[in-house]
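In what follows, residues are counted from 1 in the order of the sequence shown. Since the structure is predicted, the reported quantities are computational estimates derived from the model, not experimental observations.
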Amino acid sequence: MSEAPTSSARYSTRKRKRNTRYTNDAFAGLNLELDQSEHETNAASDLDSASEENFTPDATREQLEDDDDESLENDTFQVISSEGEGEGGEDDLSNDELIAVQSDSGVDDGRVSQQKKRPGNPARISKRATAPQDGIHSRGTLIDQKNAHARDLQTIASFGTDEKAKIALLKGMDKWFDEITMPSRKSDAKGKGGMCHSLFVAEEARQLERTSGWDWYYDKDGREAFSKRQKNRPMAAEEARPYLPNLQRIRHVLIGPQSHQKVFNLPPLTYLNTQHAFTNVDENQSQKTKHKRRSWMLNAGENVQALDWCPNRSGTSQYLAITTLAHTQITADTIRGEPKTQTPGFAPSGPDPASIQIWEFAATQDSDAATLDMDTKPFLAALICMDWGGIMQMKWCTSLRTHRDEGEDTNLGLLGIVCRDGTARVLDITLPAVTHTGSKTTHCIHISSAAFTSKAPDTISTCLAWLSSTHLAIGHANGHLAIHDISQTLCQPAETEPQHHSASPIYYAPLSSSYLLSLHPLLPSHPHLLLATSTTGILSLHSLPNATTSHTSTSRTRLGTSAVCWLEGLHHILSAEQSQVLRSHNLRQFHQSQVITHTESVVSCMASSTLHSSVVVGEVNGNVMVIGPTRRIMARRTGGDHYAQRWFGHAWRRGKLVQDTSTSTNTTIPQSENTAEPTVPSSAALLDYADGLSRLTFGYSVDSLSAPSLAGKASTKQRPLKKKTNTRSAEGQPIHLTTIYELQSGVTSICWNANVHVGGWAAAGCGDGLVVVEDLCWD
């Protein structure tokens, strides 16, 4: 039986659907006959869409057609219609079908594509973008890394188009790339390492800030206004006793080598050379191998609330301001001066006594390589007393300044404080010449009225930040920001009762819907940008003076934190989260973040410097860590390791509850070094201290924080920091647990010295009143 002839045409038994069509015409399917008004309307609607591509408002059709011609050379095709994939995922095109390509005019030009669609793979859309040109803006979305110009677009999005800023950034990265943790004291022959001012600000601008920026103070009666409105009077030691911490609360500190630790007894307002705890350990040990430290330990008396180094000090004398928790007994029934129903954080307190301690430290020499002079003992130079409640925040004015015509007195500068009575004030701190005669007597000063006072109605002040030598930003509990011009306020006639006079701000607007925790201006390169943190858990960046409309923010975290710092040399912002993570935010891509490292506990404070790239981080468990984020931020794809080093570890434990019935009869201010012989306690004797026992540990090695993926072992489940803990996940990685610690164990405040020749000096205050001051530079 002969077979019937078959037709040459091939038919498919599947239901016919519309085939996918490929073309090189970027305008295929579009109505190009639109008038100008319709074109502008469609362009405006495109700007409001949620596309992740860059937009070009001024692009013309000829530019896009030129781009299409370039794309033909790469044989890249674009899908303009895709509606027909079979149920099994196979393409409807047969192996023998060819796709005709139309020209820009819509007429078949005879060219055909022999490219075949592979079954099982979806149609690939080509994302073409023009090269970076003037007029192109970014919507802040992620950049496609497969784009041919992705690297150029990423550079523009990260560092901008300013060539001077790019050069300064590269210089900073090359200067501090080798400083893995601690800063270096001097620069080498190639200029790497060492201290320097911001590379983004010209020397002419800094010189103008030193001189003309302070003309209002020296030449326009600013200094005279402070001397007239600020009411100061000297106090005797007996009269200053209520402003001092409890002199009977002696701190017992366990310190020394791991196997030879001793207990030192530190009364309030005394100090200890930490090197004494590491000497005479083994007489047979050579002097070269003995542990040497250049650090002092102070006992401030109470929980350290804030501390800050005095800026613009070029000599050998450096000053550290310390404020502690007010030594007052507040009952549970009432809050001093306020009803019980009001919350202390949102209501002002009464006129409780408080004080600011000004400690003087000596440097070895007045040069670029100064270090702590361990032969010259620290000295409590002044005790500033006031009756405005405890001080919540305290900051010196960091604007560069050249002192003029001060005479024998020493003017330390302008100090901004936020008190618990809900008022922000500015004090002009001047040390009389009697403190420099060699008598070493603490000068007690009582300030009853400040020259500048700011109190917003129906709320209290919570934080402040210096924007310049004349402008001060103050945050409030209702989320509002107030900006004051101090020079304008002081030029007004003095009121009869200046203590009741509140300055009027030049700007007052809401920044957040809740309590403002801290303000951080991006000085000195971006004085118009202000970083704000609040209890909402949102970190926001604002542009002044339109702070309410020109702003951006990060994703919300569960808890609000004030642990934020600005990295001037890298143009990044470092923030801490409640999940024990340090994140870095690029200034131009603020909504994105990069994990720097993990910490052992929640970060309570951190500090950076404009003189170097090292960051010091304090935690609630008492650990203080120093990191160098340059490698992680600027060279994360090079495979180089990045590190961290613990400065010291602090812990406090409770002792036996012994009722203290003694009363203090000492009317003098102790200011001597602890010379009592330390004791070596037994295990049972560690609980015999009624006020608890503190422990400080030093001598930690450098830890590598490199992620395994950077070392060539790609894994998305591994954390970038290896922790020595017994709790591990199924993959063998450590699990970071969040727990609580004693209030006295945590690190409450931390700061770097702002003077260039001693920029490596750091100070850290703890919850039990101990303050550690050390030169962290390496030679």
Is there a side-chain contact (heavy atoms from CB on, under 4.5 Å) between Leu519 and Leu481? Walk through the geometry before answering. CA-CA 9 Å; Leu519 299 174; Leu481 169 70; 3.7 Å; yes

Donor-acceptor contact present, side-chain [X] to main-chain [Y], <3.5 Å:
X	Y	value
Arg632	Tyr643	no
Trp466	Thr398	no
His551	His542	no
Trp761	Leu776	no
Glu302	Gly769	no
Thr324	Val304	no
Gln357	Ala300	yes
Thr274	Ser295	yes
Tyr507	Pro545	yes
Ser184	Gly194	yes

Would you check if the distance from the ring center of [X] to the ring center of [Y] is below 6.0 Å?
X	Y	answer
Trp752	His612	yes
Phe200	His571	yes
Tyr515	Phe346	yes

Heavy-atom closest pair, residues [X] and [Y]:
X	Y	answer
Cys196	Lys175	SG-CE, 3.6 Å
Ile627	Leu574	CD1-CD2, 4.3 Å
Ala532	Leu511	CB-CD1, 4.1 Å
Ser613	Glu179	OG-OE1, 4.3 Å
Cys605	Val747	SG-O, 3.7 Å
Met625	Thr599	CE-CG2, 3.9 Å

Quick one, [X] and [Y] - any side-chain contact, counting heavy atoms below 4.5 Å?
X	Y	answer
Ser399	Ser468	no
Leu320	Val773	yes
Arg631	Asp178	yes
Leu541	Leu587	yes
Ser543	His528	yes
Pro527	Leu522	no
Val615	Val617	yes
Leu464	Gln393	yes

Find the distance between [atom1] ([X]) and [atom2] ([Y]) and round it off to the nearest 0.5 Å.
X	Y	atom1	atom2	answer
Arg251	Trp652	CZ	CH2	7.0 Å
Met606	Cys565	CE	SG	5.0 Å
Asp308	Asn753	CG	CG	9.5 Å
Met195	His197	CE	NE2	11.5 Å
Trp359	Leu298	CH2	CG	5.0 Å
Met297	Cys766	CE	SG	10.0 Å

Charged N to carboxylate O under 4.0 angstrom, [X] versus [Y]?
X	Y	answer
Arg646	Glu600	yes
Lys455	Asp421	no
Glu774	Arg293	yes

Quick check on Ile740: does its CD1 atom have over 12 non-hydrogen neighbours (other residues, nucleotides or ligands) under 6.0 Å away?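 Result for CD1/Ile740: open.
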
Under the side-chain hydrogen bond (donor to acceptor under 3.5 Å, both in side chains) rule, what do Glu568 and Ser525 come out as? Steps first, then yes or no, please. CA-CA 7 Å; Glu568 172 67 20; Ser525 58; 3.0 Å; yes

Go through the steps to decide whether Val564 and Ile573 satisfy the test side-chain contact (heavy atoms from CB on, under 4.5 Å), and finish with yes or no. CA-CA 7 Å; Val564 178; Ile573 297 168; 3.9 Å; yes

Report the relative orientation of the aromatic rings in His585 and Phe590; use parallel for angles under 30°, tilted for 30 to 60°, perpendicular for over 60°.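 Geometry flag for Phe590 against His585: tilted rings.
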
Any side-chain donor-acceptor pair under 3.5 Å between [X] and [Y]?
X	Y	answer
Thr557	Glu577	no
Glu619	Ser604	no
Thr533	Ser518	yes
Ser514	Ser512	no
Gln305	Thr323	no
Gln594	Ser584	no
Ser593	Arg583	yes

Go through Ile483 and Leu472 one step at a time and tell me if the side-chain contact (heavy atoms from CB on, under 4.5 Å) criterion holds. CA-CA 6 Å; Ile483 300 179; Leu472 181 68; over 6 Å; no

Checking side-chain hydrogen bond (donor to acceptor under 3.5 Å, both in side chains) for the pair Thr181/Gln645: CA distance, chi angles, key distance, verdict? CA-CA 6 Å; Thr181 55; Gln645 185 174 5; 3.3 Å; yes

What's the verdict on side-chain contact (heavy atoms from CB on, under 4.5 Å) for Met394 and Ile356, showing C-alpha distance, side-chain angles and the deciding distance? CA-CA 9 Å; Met394 172 184 62; Ile356 300 175; 3.9 Å; yes

